[in-house]
Amino acid sequence: MSAATSARLTEAELRAQEKAAKKAEKERQKRIARDEAAERKRSEKAGFANVNNPRRSTLMTILCAIFAVYCLFPFVYLAINATKTQADFTSTFGLGFGKTFALWDNIVTVFTYQGGIFGRWLINTLLYVVVGAGGATLLAIMGGYALAKFRFPGRKAVFAVIIGSISVPGIALAVPQFLLFAKLGLTNTPWAMIIPSLISPFGLYLMWIFSEQAVPTELLEAARVDGASEFRTFWTISLPLLAPGIVTTALFTIVATWNNYFLPLIMLKDADWYPLTIGLNQWKDQASTAGGQAIQNLVITGSLITIIPLVIAFLCLQKYWQSGLAAGAVKE
């Protein structure tokens, strides 16, 4: 047999093997498809969904679309009506644009109306968020980590106090807080907003649970054996592992402080210390006072400006926030 004949036979064998491999792969894909279909049927009968083999649901898609429209509707309403003048706001359909596109004029007027007090309210809100919510996040990190990784007498009592604090609504504590701050002479000052904002029982509980799951005790013991101090162990080892939980806690405290309404309502009387929530409400009620001017277009534009920082924060920190919420949900 010649060399050319051997080469042809070799090529023929290779083509046959390739064809057989493709056929085997097709059969494997068919078996996988049959297994997936059978798994879906078993899951449907058992009443459970298989997360590794999800199936599309038209009903769930429709429900999620309705819920998305419900959530986005207020934002769309703000975005549309912020482009109207006061005359267009009262004379046109709520979800339709006015005769004049006045978004930029409204923004300029918001920051110049009443001597530019909106800018002061914005700075006040940022102050309360940075100091109050930032301090609450820091205290929650340190307290949650200590409760999760250190054993000391009274730990269960602390847990009971935290759970009890979470179950008490903040509004129920507003009046006692006002009486206490009135005795101390701190009402109508920034401290009346900052000090209560430093306490976040839910943030402390969240960081406690997250620290328990995210920081392995064996890793801390190895660092201590190598001679690392507790502060260095926390700063260089634990803190990076706690990043998702920290961002999640920070978002909760930021939103709670940014949207706080009832506490500044009873604590503050001087408009120069108002946050955005109270200031915009004052503008809204201006039309109902004697001789007051209706400025709904400024209220709407100011509300749109107010929510933009929160939207940016959520979009930038979304991946950390989602991973933080999922922590502890799966048993390893």
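When a residue number appears, it is its place in the shown sequence, counting from 1. Keep in mind that what you see is a predicted model, and the values were worked out from it rather than measured.
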**Student:** Check Met193 against Ser197 and note the closest heavy-atom contact, atom names and distance.
**Tutor:**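 Reported closest heavy-atom pair: O-OG, 2.7 Å.
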
**Student:** Under a 4.5 Å cut-off applied to non-hydrogen side-chain atoms, are Asp88 and Phe97 in contact?
**Tutor:** no

**Student:** Roughly how far, to the nearest 0.5 Å, is CD1 of Ile246 from OG1 of Thr137?
**Tutor:**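 Rounded to the nearest 0.5 Å, the OG1-CD1 separation comes out at 9.0 Å.
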
**Student:** With clusters defined by side-chain heavy atoms of hydrophobic residues (ILVMFWY) lying less than 4.5 Å apart, directly or transitively, does Ile305 cluster with Phe314?
**Tutor:**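 Yes, same cluster.
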
**Student:** So Asn124 and Pro190, do their side chains get closer than 4.5 Å, heavy atoms only?
**Tutor:**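 Result no, sub-4.5 Å side-chain heavy-atom pair not found.
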
**Student:** Looking at CD1 of Ile166 and CD1 of Ile163, how far apart are the two atoms once the value is rounded to the nearest 0.5 Å?
**Tutor:** 4.5 Å

**Student:** For the pair Trp121 and Tyr274, name the ring-plane relationship: parallel under 30°, tilted 30 to 60°, perpendicular over 60°.
**Tutor:**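 Rings of Trp121 and Tyr274: tilted, 30 to 60°.
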
**Student:** For a quick test of reading the model, state the closest non-hydrogen atom pair linking Val110 to Phe118 and the distance between them.
**Tutor:**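 Heavy atoms only, the tightest pair is O-CB, 3.3 Å.
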
**Student:** Is there a donor-acceptor contact under 3.5 Å from the side chain of Asn281 to the main chain of Thr277?
**Tutor:**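 Here the side-chain-to-backbone pair does not exist.
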
**Student:** Checking Lys84 side chain against Thr90 main chain: does a donor-acceptor pair fall under 3.5 Å?
**Tutor:** no

**Student:** As an exercise, state the distance from CG of Leu139 to CG of Leu204, rounded to the nearest 0.5 Å.
**Tutor:**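 If we round to the nearest 0.5 Å, Leu139:CG and Leu204:CG are 9.0 Å apart.
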
**Student:** Which heavy-atom pair separates Gln177 from Leu263 by the least distance, and what is that distance?
**Tutor:** OE1-CD1, 3.5 Å

**Student:** Any donor-acceptor pair under 3.5 Å linking the side-chain atoms of Tyr128 with those of Asn260?
**Tutor:** no

**Student:** Do any N or O atoms from the side chain of Thr125 and from the backbone of Trp258 form a donor-acceptor pair under 3.5 angstrom?
**Tutor:**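 It does not hold such a pair.
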
**Student:** Before you tell me yes or no, could you show the steps for Ile195 and Phe181 under side chain to side chain contact (heavy atoms under 4.5 Å, CB included), namely the whole-Å CA-CA distance, both residues' side-chain angles and the distance that decides it to 0.1 Å?
**Tutor:** CA-CA 10 Å; Ile195 294 177; Phe181 278 78; 3.9 Å; yes

**Student:** Before giving the answer on side chain to side chain contact (heavy atoms under 4.5 Å, CB included), spell out for Thr301 and Thr109 the whole-Å C-alpha distance, their side-chain angles and the decisive distance to 0.1 Å.
**Tutor:** CA-CA 10 Å; Thr301 306; Thr109 307; over 6 Å; no

**Student:** Testing the 3.5 Å rule here: is there a donor-acceptor pair between the side chains of Tyr145 and Ser238?
**Tutor:**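 Indeed, the side chains of Tyr145 and Ser238 share at least one donor-acceptor pair under 3.5 Å.
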
**Student:** Decide yes or no on side chain to side chain contact (heavy atoms under 4.5 Å, CB included) for Leu268 and Ile278, but give the supporting numbers first.
**Tutor:** CA-CA 9 Å; Leu268 304 176; Ile278 303 300; over 6 Å; no

**Student:** Main chain of Leu220, side chain of Lys149: is a donor-acceptor contact present, judged purely on distance under 3.5 Å?
**Tutor:** no

**Student:** Please check: side-chain N/O of Asp270 versus main-chain N/O of Asn188, any donor-acceptor pairing under 3.5 Å?
**Tutor:** no

**Student:** Does a salt bridge link Lys22 with Glu18, judged by any charged N lying under 4.0 Å from a carboxylate O?
**Tutor:**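 Here Lys22 pairs with Glu18 in a salt bridge, since their nearest N and O are under 4.0 Å apart.
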
**Student:** Between Glu221 and Arg224, is the closest basic N to carboxylate O distance under 4.0 Å?
**Tutor:** no

**Student:** In Å and rounded to the nearest 0.5 Å, what is the CH2 to CD1 distance from Trp273 to Ile123?
**Tutor:** 10.5 Å

**Student:** OG1 of Thr236 to CG of Leu241: how many Å apart, nearest 0.5 Å?
**Tutor:**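 With rounding to 0.5 Å, OG1 (Thr236) is 10.0 Å from CG (Leu241).
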
**Student:** Within a strict 4.5 Å, meaning less than it, do heavy atoms of the Phe210 and Pro244 side chains meet?
**Tutor:** yes

**Student:** Parallel, tilted or perpendicular: which describes the rings of Phe252 and Phe202, with under 30° parallel and over 60° perpendicular?
**Tutor:** perpendicular

**Student:** Side chains of Leu184 and Trp191: closer than 4.5 Å at any heavy-atom pair?
**Tutor:**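 Not touching, per the 4.5 Å side-chain cut-off.
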
**Student:** Have a look at Asn106 and tell me which of Asn297, Asn81, Thr85 forms a side chain to side chain donor-acceptor pair (under 3.5 Å) with it.
**Tutor:** Asn297

**Student:** Counting only N and O atoms by type, is there a donor-acceptor contact under 3.5 Å from the side chain of Thr257 to the main-chain atoms of Ile254?
**Tutor:**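 The answer is no, because no donor-acceptor pair under 3.5 Å joins these two groups.
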
**Student:** Atom CZ of residue position Phe111 - does it have more than 12 heavy atoms of other residues, nucleotides or ligands inside 6.0 Å?
**Tutor:** yes

**Student:** Can you name the one residue among Arg31, Glu25, Lys26 that meets side chain to side chain donor-acceptor pair (under 3.5 Å) with Gln29?
**Tutor:** Glu25

**Student:** So which heavy atom on Gly203 is nearest to which on Thr249, and how close?
**Tutor:**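 Closest approach of Gly203 to Thr249, heavy atoms only: CA-CG2, 3.7 Å.
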
**Student:** Work out which heavy atom in Phe73 is nearest to a heavy atom in Leu95; give both atom names and the distance.
**Tutor:** CE1-CD1, 3.5 Å

**Student:** For the side chain of Gln296 and the backbone of Gln86, is there at least one donor-acceptor N/O pair under 3.5 Å apart?
**Tutor:**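 No: the side chain of Gln296 does not pair with the backbone of Gln86.
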
**Student:** Take Phe93 and Ile80 through the side chain to side chain contact (heavy atoms under 4.5 Å, CB included) test and state the conclusion after the steps.
**Tutor:** CA-CA 10 Å; Phe93 177 60; Ile80 292 175; over 6 Å; no

**Student:** What's the spacing between Leu304 CG and Ile308 CD1 if we round to 0.5 Å?
**Tutor:**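 The CG atom of Leu304 sits 4.5 Å away from the CD1 atom of Ile308.
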
**Student:** Residues sharing Val311's hydrophobic cluster, by side-chain heavy-atom contacts under 4.5 Å among ILVMFWY, directly or via others?
**Tutor:**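 Traced through the cluster, Val311 reaches Leu315.
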
**Student:** Please determine whether the number of non-hydrogen atoms from other residues, nucleotides or ligands lying under 6.0 Å from atom CZ of Phe67 exceeds 12.
**Tutor:**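 No, the 6.0 Å shell around CZ holds no more than 12 heavy atoms from other groups.
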
**Student:** For Phe152 and Ala146, work out which heavy atoms get closest and say how close.
**Tutor:**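 Scanning both residues completely, I find the closest heavy atoms to be CE2-O, 4.2 Å.
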
